[in-house]
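Notes to accompany the following structure.
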There are 2 protein chains.
Amino acid sequence: MTYTSDFPFVYLTADVVAFRVRPGTGLSVLVVKRGNAPYRGRYAFPGGFVGEREDVERAARRELREETGVRDRALRLLEIGAYAGPRRDPRHRTVSVAFLAVVGPDTTATAGSDAADVEWLPVAELLGARGRARLAFDHEEILTDAHLLLRDRLESTSLGLGLLPAEFTVAELRQVYEAVWDRELDPGNFQRKVTATAGLLRDTGKLSVGGRGRPAGLFRAGGTDEIWPPMSRDRDR
Amino acid sequence: MTYTSDFPFVYLTADVVAFRVRPGTGLSVLVVKRGNAPYRGRYAFPGGFVGEREDVERAARRELREETGVRDRALRLLEIGAYAGPRRDPRHRTVSVAFLAVVGPDTTATAGSDAADVEWLPVAELLGARGRARLAFDHEEILTDAHLLLRDRLESTSLGLGLLPAEFTVAELRQVYEAVWDRELDPGNFQRKVTATAGLLRDTGKLSVGGRGRPAGLFRAGGTDEIWPPMSRDRDR
DNA sequence: ACAAAAGTGTTAATCCTACACCCATGA
DNA sequence: TCATGGGTGTAGGATTAACACTTTTGT
């Protein structure tokens, strides 16, 4: 059908910047290789038009589900911001509301119905000096903002727990922080900090198996979202 | 003219939540009384359509200028978020990008060209139990978000300085914090904190005149935006 | 036994809070 | 002189950073 309007209008899309952390590859982000112009061959974040009566966050959640199969209702999306520059899409003025998502290390990319290449790419590759011009549209700016938001939220919220399986050790949680902050943390102090923050972690009583050294306790998310006082709080980053 | 589209589209508007602090009335926000349906008689934030080739932030700046005369290029707008619910405007789907602005205490509301009532209303009146249903659309939610953002930014940035004249005393800055946080602060500790934060304030060498008690030093913004370690950092709020 | 990783103890530095106290002005 | 607010001094508490040290496992 054709829509008509007496005023200038824009298209509305929802984009998702989904982060994942794996021991080997560190912090990665989910991208789709574009098969068509504009920006053919470059990477873009999963996203698409918001349905006529659809909520923007719901659209973002739908995009994430289509590319990863993640349908966790508890998964929270954080709004990064609105990207609305008049020339950001050469075809038509488009406003994208971008959301940040964190998923577990076992989340894989499932090729979308349009047979596009869906990949997890390390953030360092995309934002480093060598990685420039690999992202489509203004998605490099979106990634920069998303990365900053992720780093910031790890300080004072439990967002980092979303990057782990349901049960995890304190060392795994520390490695998540080290990957996101690109910085080593003192194991002892980290241990004390997260276990002393009331409600952040729940001890399962179980111990991890395998691995070198003394077995570690297994924890689950404790339900509290706020970390107070915040983690880190250093100004060298 | 008439615009046509093969896809569903939305209107794009920019809204400004401008805050002001005055000794008597505390923290207030700039609103426009609506003269037409929908929500006739309720208050809305200054805002309007973004021009076809206009940047959203520029549109917000234009709206603020039209209602207050403020044309300060240095005035920074902080994005609060995008408001895009499918039913937030009963006439047509409209996406509003809302910005936070802080202006000096002498900024007055200038009636717009559409002769609408432009007023500064205390935030407490609009968000308190008695003030419910005085704002149009989803502007109560926007105000809540703006208020939270303002309170948060005062902790770690120099944003509060925007609520003062070019030259001010430490006590005036403290009163700004007290108005925004709705909480009394220890004058001595506040003095030490803001003067010890490198680059935050610049001492003019001049002293305030009039007023009771010992004259206070007059300061200007020092240029640094970051306050580290942050102000306040208490969890009683 | 040794290496490796988990987890605890300890100390010193930093920063904030509370509040005492002196300073400089108007009434 | 007294009240008022500006500004500094100081002691105690909370939190962190650095690192030593013990615990518990695999090799």
Side-chain angles (χ1 to χ4, degrees), chain A residues 23 154-156 164 167-179 181 183-220 224 226-237, chain B residues 23-24 154-156 164 167-179 181 183-220 226-237:
Chain A
L154 250 55
E155 289 190 353
S156 55
L164 291 169
E167 297 194 345
F168 52 87
T169 67
V170 170
E172 286 166 341
L173 179 58
R174 174 168 48 80
Q175 283 150 20
V176 160
Y177 272 81
E178 290 178 336
W181 285 348
R183 163 176 188 237
E184 290 192 356
L185 300 172
D186 182 279
N189 291 335
F190 187 87
Q191 173 97 20
R192 200 182 350 253
K193 174 68 183 177
V194 297
T195 54
T197 300
L200 181 63
L201 301 183
R202 189 163 63 80
D203 194 336
T204 65
K206 293 187 281 188
L207 291 179
S208 63
V209 291
R212 286 184 289 270
R214 169 175 167 182
L218 279 174
F219 294 83
R220 290 177 159 271
T224 303
E226 192 179 32
I227 298 179
W228 188 260
M231 304 285 304
S232 170
R233 300 267 132 228
D234 257 354
R235 237 9 38 159
D236 46 336
R237 286 169 296 142
Chain B
L154 250 54
E155 287 189 354
S156 55
L164 291 169
E167 298 194 343
F168 52 86
T169 67
V170 170
E172 285 166 343
L173 180 58
R174 176 169 46 82
Q175 283 150 20
V176 160
Y177 273 81
E178 291 178 335
W181 285 347
R183 165 177 187 234
E184 290 193 356
L185 300 172
D186 182 281
N189 293 335
F190 187 88
Q191 173 95 22
R192 197 177 1 247
K193 174 68 182 176
V194 296
T195 54
T197 301
L200 181 63
L201 300 183
R202 189 164 62 78
D203 195 335
T204 65
K206 293 187 282 187
L207 292 178
S208 62
V209 291
R212 286 183 289 268
R214 173 175 164 182
L218 278 174
F219 293 82
R220 289 178 160 271
E226 193 179 31
I227 298 179
W228 188 261
M231 304 285 305
S232 169
R233 297 272 137 225
D234 257 356
R235 242 356 52 149
D236 46 338
R237 288 171 294 143

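Order of the sequence lines sets the chain letters (A, B, ...), proteins ahead of strands, with each chain counted from 1.
Considering NZ of A:Lys193 and OH of A:Tyr177, their distance stands at 9.5 Å, rounded to 0.5 Å. How far CD of A:Glu167 is from CZ of A:Arg220: 4.5 Å, rounded to the nearest 0.5 Å. Taken to the nearest 0.5 Å, the CH2 atom of A:Trp228 stands 11.0 Å off from the CD atom of A:Glu155. Rounded to the nearest 0.5 angstrom, B:Asp186 CG and B:Arg192 CZ are separated by 8.0 Å.
Following rounding to the nearest Å, B:Asp203 (CG) and D:dG6 (C1') show an atom-to-atom distance of 13 Å. When the C1' atom of D:dA18 is taken as reference, atom NZ of A:Lys193 falls 17 Å away, rounded to whole Å. If you take CZ of A:Phe190 and P of C:dG9, they are 19 Å apart, rounded to a whole angstrom. One can place CD1 of A:Ile227 at 15 Å from P of D:dT15, the figure rounded to the nearest angstrom. In this structure, B:Glu178 places its CD atom 12 Å from P of D:dG5, rounding to the nearest Å. For A:Phe168 and C:dA6, the CZ to P distance is 14 Å, given to the nearest whole Å. At whole-Å resolution of the value, CG in B:Leu185 and C1' in D:dG7 are 16 Å apart. Put simply, CE on A:Met231 is 9 Å from P on D:dT16, counting in whole angstrom units.
A:Gln191 has a side-chain polar atom (N or O) that falls below the 4.0 Å cut-off from OP1 or OP2 of C:dG7.
In terms of modelled atom types and a separation under 3.5 Å, the side chain of A:Thr204 and the main chain of A:Leu218 share a donor-acceptor contact.
Considering B:Thr169, B:Val170, B:Leu185, B:Leu173 as possible partners of B:Gln191, the one that fulfils the side-chain contact (heavy atoms from CB on, under 4.5 Å) test is B:Val170.
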Taking protein heavy atoms under 4.0 Å as touching, what does nucleotides 18-27 of chain C look like 5' to 3' if B marks base contact, S marks sugar-phosphate-only contact and - marks none?
BB---BBBS-
